[in-house]
Amino acid sequence: MLDLSVNIGAMRLKNPIMPASGTFSEDCAKLFDIDALGAHVTKTITRDIRGGNPTPRVCEVRGSMLNSIGIPSKGVDYFKTNVIPFYDQYQTPLVVSISAGSADEFAQICEEVSVPGVAAIEVNISCPNIEADGKAFAMRPSTTEAVMRKLRAATDLPLWAKLTPNTGETTEVAQAAESAGADALVVANTMLSMAIDIHTRKPKLGNLMGGLSGPALKPIALRMVYQCAKAVSIPVIGCGGIATVEDVVEYLIAGASAVQVGTATFISPTVMVRLISELEAFLRTEGLSSVSELIGSIRDEEASDGVFFAEAAE
Amino acid sequence: MTDMTLNPIFETICRVKSNEPINREYRLIVLDAPSHILKCEPGQFFHLLCPTKGDLRPYLRRPMSIYGFYPEAGELHFLYKIAGEGTAALSALEAGENLNVVGPLGHGFDIQDDWQKLMVVARGVGLATLAPLAQKAQQMGRKLTAICSARSPEVLMSIDHFKALGAEVITVTDSEGTSGVEALEQLIEAHIQAEGVDAFYTCGSNRLLTMLQTICARHGIPGQIALEQQMACGVGMCQCCVRSFRRKDKIIHERVCKEGPVFNLQEAMGC
């Protein structure tokens with residue numbers, strides 16, 4: 001009997017495959033059995049009702065995409081009345097992604113969504129902090145620690161901190177989140193990018209810049225997962241460019257305890273269910289009995305100089 | 001279990017039966033499709049995973065409105081023009097190859113009970129979107145008049161298709177000087193006076209939208225428009241494909257893929 005289950009702190013997930021925030025919604029239930037997933041992760045919500053960014057909000061680059069959606073949100077009340085009851089029909093744990101422009105507002109929404117039906121809260125600290133010139137909380141260890149402390153005080157639910165690749169202090173930010181009480185890290189969000197139409201000379205996104213996601217991001221997020229898994233003792237959830245079972249396995253070996261699949265769902269909306277069965281097949285082929293045998297199994301004993309060099313160069 | 005209570009969506013691999021040019025600009029791709037994905041409404045679309053072909057490597061899916069769906073024959077038809085990397089790759093598909101499609105998606109056109117006399121106004125590939133409406137109108141025994149606009153008579157499309165579906169067809173072209181807003185407005189006004197119109201249907205162009213909004217407001221005639229926007233997911237999760245609408249004195253955003261692609265003509269705003 002193959003064991004696909006993984007532990008994220010005190011939470012036990014039946015398998016390590018879950019959606020990345022913003023690439024999953026109730027609509028997915030029209031396409032496949034969403035109870036097959038390890039967890040349900042909602043699109044980020046904010047306290048206030050937000051319209052989002054100007055269009056175009058998306059463009060493609062070679063083999064990947066850029067987006068600048070701007071977190072449109074119908075607010076907390078809509079979420080509690082409509083979204084939580086929908087996911088209550090399912091056994092799979094619900095992870096609510098939240099965001100805010102200041103640490104206090106963040107703590108407030110965190111408290112407001114700490115209600116029955118919610119299993120964990122993913123805190124999108126990769127979004128701009130209006131108290132720090134719009135720099136994302138997770139760009140710096142100090143702002144990460146400050147916001148995570150307030151979030152920790154606001155809820156008893158597991159807190160997953162979603163980190164940004166737009167930092168030169170990956171391990172320090174990860175450690176700051178851990179010491180302030182995060183129960184897990186989600187590594188990572190999209191990377192700030194740009195694309196320009198050479199004929200009109202206009203940026204391809206209405207908001208000028210946006211987040212890169214898809215296979216092009218994978219090596220960067222994978223490197224971050226590796227660094228974070230080495231630096232902290234809480235679980236790391238890998239996220240960035242996962243499209244195939246080989247990608248899933250690579251993240252697990254790097255140290256991820258679970259993975260989030262995002263952009264690949266846009267290319268194939270049923271990809272996550274396929275990845276679950278392919279992961280099972282991979283374990284069988286490799287003669288393994290559980291996913292936990294893969295987690296952090298990287299053979300990097302002789303690479304310590306390389307790691308040191310890379311971190312110094314960061 | 002999959003929530004099949006309302007409008008299931010399928011990701012399906014279909015075999016290409018044919019993929020040929022139908023005139024100088026447009027091509028028709030015919031897919032061999034299982035009947036369960038062909039429970040479509042006119043105006044709905046599919047999200048196509050255009051293939052990788054040589055240097056052509058489209059990444060995101062491309063939304064494409066349904067030109068025809070035939071459950072008995074097991075066929076799904078799309079009419080398209082090569083406009084970029086996705087459609088260029090699509091045009092390279094040969095009979096016997098596979099195409100991955102997601103759909104049917106979105107909300108299509110309505111024909112309300114008291115809408116007996118329908119008028120379609122469309123240009124270019126927009127006619128493809130409106131062709132299934134003509135078929136439904138015929139099935140429901142409604143009278144449909146289609147004003148088909150194009151650059152020149154050679155690239156006028158789907159005229160025979162609309163005629164075969166019982167529609168009265170009026171063609172207008174740039175090269176003959178009959179497709180300008182003024183000429184069109186006169187033509188439509190004359191038609192309203194002579195025969196009456198209960199509802200208008202259009203898609204795409206800002207120019208047609210503005211003109212029809214004026215005409216419809218003047219006569220109190222309802223209308224519907226199919227809109228486009230860049231999409232990523234196509235099913236409602238990513239919020240990429242929003243457009244602005246005027247509703248109850250407020251400007252609101254709705255998703256073209258989920259709330260649309262067909263919207264109330266008077267609420268739609270150009271972009």
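Residue numbers begin at 1 in each chain, while the letters A, B, ... track the order of the sequences. Heavy-atom basis, side chains included; hydrogens, waters and symmetry copies ignored.
Proximity to chain B (any heavy atom under 4.5 Å) is shown, for S268(A), by both the backbone and the side chain. Contact annotation for P269(A): both backbone and side-chain heavy atoms come within less than 4.5 Å of a heavy atom of chain B. Both the backbone and the side chain of T270(A) come within contact range of chain B, with heavy atoms under 4.5 Å apart. Of the two parts of I267(A), the backbone and the side chain both hold a non-hydrogen atom closer than 4.5 Å to a non-hydrogen atom of chain B.
The SG atom of C28(A) sits 4.0 Å away from atom CE of M237(B), with the distance rounded to the nearest 0.5 Å. Of the inter-residue distances, the one linking Q230(B) atom CD with E60(A) atom CD reads 10.0 Å to the nearest 0.5 angstrom. To the nearest 0.5 Å, atom CD of residue E11(B) and atom CZ of residue R274(A) are 5.5 Å apart.
For the pair D27(A) and K258(B), the minimum side-chain heavy-atom distance is below 4.5 Å.
Side-chain atoms of R57(B) do not come within 3.5 Å of backbone N or O of G63(A) as any donor-acceptor pair.
A search for salt bridge (charged side-chain N to carboxylate O under 4.0 Å, His left out) contacts involving R151(B) returns E25(B), not counting sequence neighbours. For R27(B), there are no salt bridge (charged side-chain N to carboxylate O under 4.0 Å, His left out) partners two or more places apart in sequence or in a different chain.
The greatest number of non-hydrogen atom pairs below 4.5 Å with chain A, out of R243(B), H253(B), H47(B), is found for H253(B).
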